[in-house]
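These notes concern the structure reproduced below.
Below, read A as the first sequence line, B as the second, and so on, with proteins coming before strands; counting in each chain starts at 1. For clarity, every value in this text was computed on a predicted model and none was experimentally measured.
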Amino acid sequence: MSRILITSALPYVNGIKHLGNLVGSMLPADVFARYQRLRRGAANVLFICATDEHGTPAELAALDEGLPIAEYAAKYHDIQKRIGEGFGLSFDHFGRSSSPQNRETTQELARALWKGGHLEVRTTRQVYSNADKRFLPDRYVIGTCPHCGYDRARGDQCENCTRVLDPVDLIEPRSALSGSPDIEIRDTSHLFLKQSAFSDLLRAWIESKKGVWSHVVTSIALKWLDEGLRDRGITRDLEWGVPVPDDIADGQLKGKVFYVWFDAPIEYIGATREWADARGEPDAWERWWKLPEADDVRYVEFMGKDNVPFHTVGFPVTIMGANRTANRQWKLVDEIKGFNWLNYYGGKFSTSQKRGVFMDQALEILPADYWRWYLVANAPESADSSFTWEHFAATVNKDLADVLGNFVNRVLKFATAKFGGAIPDGGAAGPAEHDLAARLDKLIGQYTLHLEEMQFRKAAQELRAIWVAANEYVAVAAPWTAFKSDPAAAAASIRTAINLIRLIAVLSSPIVPHTSAALLQALGAEDLADWPTGPAEAELARLAPGHPFAVPPVMFAKLAPDAVEAFEKRFGGDF
RNA sequence: GGCAGCGUAGCUCAGCGGUAGAGCAGGGGAAUCAUAAUCCCUUGGUCGGCGGUUCAAAUCCGUCCGCUGCUACCA
């Protein structure tokens with residue numbers, strides 16, 4: 001069995017992520033990882049994520065909280081890790097881009113690029129704030145826009161007239177941090193990655209993925225190539241980050257660190273090394289990242305569309321460039337699954353404006369599976385999609401409470417009342433059961449295919465169709481009627497229905513894992529959680545007569561209209 | 001300004017060259033095991049506007065309108 005490596009875009013360490021971040025990478029990656037573990041065995045799947053901890057915004061956020069950056073990063077790493085666990089994100093390892101392993105890997109790749117002549121030192125002019133004692137990225141310089149007169153224009157772009165700017169264009173420029181006008185332009189040298197040399201190679205690679213990768217991914221990547229790749233600065237004048245080693249450029253860049261976008265994707269590898277070290281097999285990571293051992297690895301990356309340029313240009317150039325001089329080649333990504341935005345009432349989720357729903361708040365309100373189901377079923381796969389509380393409540397109430405939850409409840413309650421707490425014996429499968437099995441064969445096939453193709457929205461639709469088929473079956477078999485005239489027939493259909501619950505629990509597990517676990521536990525079927533590969537007929541006979549079961553408490557409560565109203569008020573959705 | 005994406009039933013979306021689809025909401029019926037939960041049937045659209053290509057266009061091309069995003073030292 002071939003192996004599969006799955007990475008989710010790294011959440012930035014700067015605070016707590018919102019549902020848009022979750023649905024754009026971590027959640028679908030988790031669904032895929034859970035599915036793949038069931039298909040090919042957990043040992044053949046590696047699911048990696050980490051916090052992205054370097055960069056100016058993190059340093060500033062730390063200043064804001066009055067914490068040293070290292071402590072700040074550690075704090076928010078722990079918080080994000082805990083919240084991720086709350087959502088059931090089943091990372092094999094959730095690492096940190098500030099780890100020693102990532103430092104080592106980043107420096108190793110940079111050295112290889114330097115040796116191969118893919119890096120060069122260039123002098124650039126950068127704004128320096130004397131008051132803040134630091135270089136300022138363009139967007140942290142503010143002033144009056146020379147075009148429209150807006151007095152809070154940023155150095156990279158005016159938010160008012162949307163024109164692209166240079167910090168020197170600004171009238172009365174000042175630091176966005178302290179507001180101090182005591183700023184100056186200083187020369188500073190940096191390493192540049194000569195990515196323009198890889199244009200043709202990248203283009204051929206991306207073209208070959210057209211129609212295979214999501215539309216957003218190839219179109220964004222080609223857009224960048226069409227505009228012409230520019231060489232990119234990969235170091236910064238910061239203290240927190242991976243230091244540039246002295247053996248690059250004869251130590252000319254002493255004291256500087258790599259740009260966060262250089263070391264962040266490398267942390268996919270770094271985190272794999274963290275994982276290997278943690279399990280006491282320090283070389284185990286190479287089987288996933290170094291050829292030829294990793295020849296049988298299919299590597300899939302999940303990310304939001306904002307991340308696409310870095311994963312289709314920057315990171316691949318790093319890998320391709322390093323591979324020119326490496327003895328053993330590094331693994332390049334096979335598939336990129338990109339997502340659009342999840343909007344909040346038609347606008348963007350916004351951390352700064354406190355607009356939208358954040359992961360910690362979501363878990364305070366409702367259990368993870370409510371969110372997982374809604375988000376996967378409405379994932380912004382082909383276009384932006386939008387979250388509203390009304391839509392969320394309607395989806396959860398109908399799909400989870402009415403269709404799935406009520407199915408389980410009606411079957412198990414009836415079964416207990418008429419046959420006691422064990423699967424009844426007697427009767428035989430008839431036309432209704434054969435019909436059900438035939439429908440399931442088709443539905444499961446489609447569902448599995450969609451999961452395999454990472455079409456999450458369609459997969460959710462298909463899974464829901466399976467839940468509906470279950471209700472249809474019970475309606476046709478009508479054991480409550482049969483029980484009066486032909487108890488054996490009723491017993492046979494209840495036996496089938498309980499087996500159907502087990503099958504549904506397994507099929508639903510990638511998307512709603514907590515619910516799935518609760519169902520399997522109620523049925524005492526934790527060991528019967530393998531993905532169905534044979535005929536449904538056999539799947540519906542796994543639990544034999546006499547097998548005991550329990551009736552779990554109601555699985556999904558409905559959201560009442562006044563609750564929806566309260567959420568809108570609390571989260572600013574009432575427009 | 002440039003570039004990209006989107007605009008399909010009341011809502012959320014699928015379809016992307018061959019007589020308009022799903023779920024929800026709305027309407028009618030059945031059933032009464034169940035969280036008044038389910039099941040069946042059903043009303044809704046000249047597929048943003050205008051031109052063009054084609055035997056045939058939501059589907060390809062052009063143009064206009066509207067919305068959104070990106071524009072690379074924020075990630």
Ranking A72(B), A37(B), U35(B) by distance to the side chain of Asn406(A), first place goes to A37(B)
For A36(B), the nucleotide meeting Watson-Crick or G-U wobble distances (both under 3.5 Å) is none
Taking the C1' atom in each of C11(B) and G29(B), what is the distance between them to the nearest angstrom?
25 Å
### Message
With hydrogens left out and only the distance checked, is there a donor-acceptor pair under 3.5 Å joining Asn409(A)'s side chain and the base of A34(B)?
### Response
no
Between CD of Glu59(A) and P of C74(B) the distance, given in whole Å, is 13 Å
**Message:** Does Val313(A) reach a base, just sugar-phosphate, or nothing at all? Heavy atoms under 4.0 Å.
**Reply:** nothing
Taken to the nearest whole Å, NZ/Lys458(A) to P/G21(B) is 17 Å
>> Whether the side chain of Glu472(A) and the base of U38(B) hold a donor-acceptor pair under 3.5 Å is what I'd like checked.
In response: no
Closest of A25(B), A34(B), U68(B) to the Lys398(A) side chain is A25(B)
Rounded to whole Å, the NZ-C1' distance (Lys223(A) to G2(B)) equals 10 Å
Relative to its sugar, using the 90° cut-off around 0, the base of G21(B) is anti
Exercise. At under 4.0 Å between heavy atoms, what does Gly15(A) touch on the DNA or RNA strands: base, sugar-phosphate, or nothing?
Worked result: nothing
Answer for the Watson-Crick or wobble partner of C74(B), both distances under 3.5 Å, is none
- [ ] Could you tell me whether Thr395(A) contacts a base, only the sugar-phosphate backbone, or nothing, with contacts defined as non-hydrogen atoms closer than 4.0 Å?
- [x] nothing
Taking Asp52(A) for the side chain and Leu10(A) for the main chain, is one N or O donor matched with an acceptor at less than 3.5 Å? no
For A4(B), the nucleotide meeting Watson-Crick or G-U wobble distances (both under 3.5 Å) is U68(B)
**Side chain Arg410(A) and base A37(B) donor-acceptor under 3.5 Å** = no
Whichever of Arg464(A) and Val554(A) has the more 5' nearest nucleotide on RNA chain B, that residue is Arg464(A)
For this session: Identify whether any heavy atom of Trp341(A) sits under 4.0 Å from a base atom; if not, whether one sits that close to sugar-phosphate; answer base, sugar-phosphate or nothing.
Result: sugar-phosphate
Considering only heavy side-chain atoms of Asp138(A), the closest of U38(B), U32(B), C74(B) is C74(B)
What contact category does Phe407(A) fall into here, base, sugar-phosphate, or nothing, at under 4.0 angstrom with non-hydrogen atoms? nothing
Of the listed U12(B), U38(B), A75(B), the closest approach to the Trp261(A) side chain comes from A75(B)
Only one of Lys133(A), Lys256(A), Arg186(A) passes salt bridge (Lys or Arg N to Asp or Glu O under 4.0 Å) with Asp237(A), and that residue is Lys256(A)
What's Gly55(A) touching, base or sugar-phosphate or nothing? Going by heavy atoms closer than 4.0 Å. sugar-phosphate
Partner of A31(B) under the Watson-Crick or G-U wobble criteria, both distances under 3.5 Å, comes out as none
- prompt: Which part of the nucleic acid, if any, lies within contact of Asp52(A), taking any heavy atom under 4.0 Å across all strands shown: a base, the sugar-phosphate backbone alone, or nothing?
  reply: sugar-phosphate
query = When rounded to the nearest Å, what value does the distance between C1' atoms of C6(B) and A75(B) take?
reply = 25 Å
Exercise for the section: Write down the distance separating the C1' atoms in G69(B) and A34(B), rounded off to the nearest Å. Expected result: 47 Å
Give a yes or no on whether Glu65(A) atom CD has more than 12 heavy-atom contacts from other residues, nucleotides or ligands under 6.0 Å away. yes
message: Students often get this wrong, so: under 4.0 angstrom with heavy atoms, is Gln461(A) touching a base, only sugar-phosphate, or nothing?
response: nothing
TODO: Before accepting this row, confirm whether a basic side-chain N of the pair Arg457(A)/Glu381(A) lies closer than 4.0 Å to the acidic partner's carboxylate O.
DONE: no
Partner of A22(B) under the Watson-Crick or G-U wobble criteria, both distances under 3.5 Å, comes out as U12(B)
| said: Regarding Phe556(A), tell me which of base, sugar-phosphate or nothing describes its non-hydrogen contacts under 4.0 Å with the strands shown. | reply: base
Picking from U38(B), C74(B), U35(B), the nucleotide nearest the side-chain atoms of Pro57(A) would be C74(B)
Check: Are Tyr259(A) and His54(A) near enough that their ring centres are under 6.0 Å apart?
Finding: no
Answer for the Watson-Crick or wobble partner of G62(B), both distances under 3.5 Å, is C50(B)
Original post:
Regarding Thr123(A) and Asp187(A), is there a side-chain donor-to-acceptor distance under 3.5 Å anywhere?
Top reply: no
Quick check on Arg122(A): does its CZ atom have over 12 non-hydrogen neighbours (other residues, nucleotides or ligands) under 6.0 Å away? yes
Atom NZ of Lys305(A) and atom C1' of G5(B) are separated, to the nearest Å, by 6 Å
Looking only at U32(B), U35(B), C24(B), the nucleotide nearest the Trp480(A) side chain is U32(B)
Nearest-angstrom distance, C1' atom, G44(B) to C50(B): 26 Å
Exercise. Classify the nucleic acid contact of Pro137(A) as base, sugar-phosphate or nothing, counting any heavy atom under 4.0 Å across all strands shown.
Key: sugar-phosphate
Side-chain contact check for Trp224(A): nearest option of U38(B), U12(B), A72(B) is A72(B)
Evaluate whether atom CD of Glu452(A) has more than 12 neighbouring non-hydrogen atoms of other residues, nucleotides or ligands under 6.0 angstrom away. yes
Find out whether the Lys NZ or Arg CZ of Lys458(A) is both under 6.0 angstrom from the six-membered ring centre of Phe456(A) and within 45° of the ring's axis. no
Between CG of Asn14(A) and C1' of A75(B) the distance, given in whole Å, is 9 Å
note: Glu390(A), atom CD; G10(B), atom P; distance rounded to Å ~ 18 Å
Assigned chi class of A31(B) under the 90° convention is anti
inquiry  = Distance check, P atoms only: U19(B) and A58(B), in whole angstrom units.
reply    = 11 Å
In whole angstroms, the gap separating P of C73(B) from CZ of Arg122(A) amounts to 13 Å
Review point. Given A75(B), is OP1 or OP2 found less than 4.0 Å from the side-chain N or O atoms of Tyr259(A)?
Key: yes
query = Base, sugar-phosphate, or nothing for Pro479(A), non-hydrogen atoms under 4.0 angstrom?
reply = nothing
Rounded C1' spacing from G2(B) to C47(B) in Å
30 Å
Ranking Met555(A) and Asn378(A) by the position along RNA chain B of their nearest nucleotide, the one closer to 5' is Asn378(A)
Q. Just by modelled atom types, is the Ile423(A) backbone N or O under 3.5 Å from a matching donor or acceptor in the Arg495(A) side chain?
A. no
note: Leu404(A), atom CG; G23(B), atom C1'; distance rounded to Å ~ 16 Å
Provide the distance between the two P atoms, one in A20(B) and one in A56(B), to the nearest whole Å. 16 Å
Exercise. Between A22(B) and C55(B), how far apart are the P atoms? Round to whole Å, please.
Key: 32 Å
Side-chain atoms of Lys558(A) come closest, of U38(B), A37(B), A34(B), to A37(B)
Inset, instruction - Measure the distance between the ring centre of Phe414(A) and the centre of the six-membered base ring of C33(B), then answer whether it is under 5.5 Å with planes under 30°. - result: no
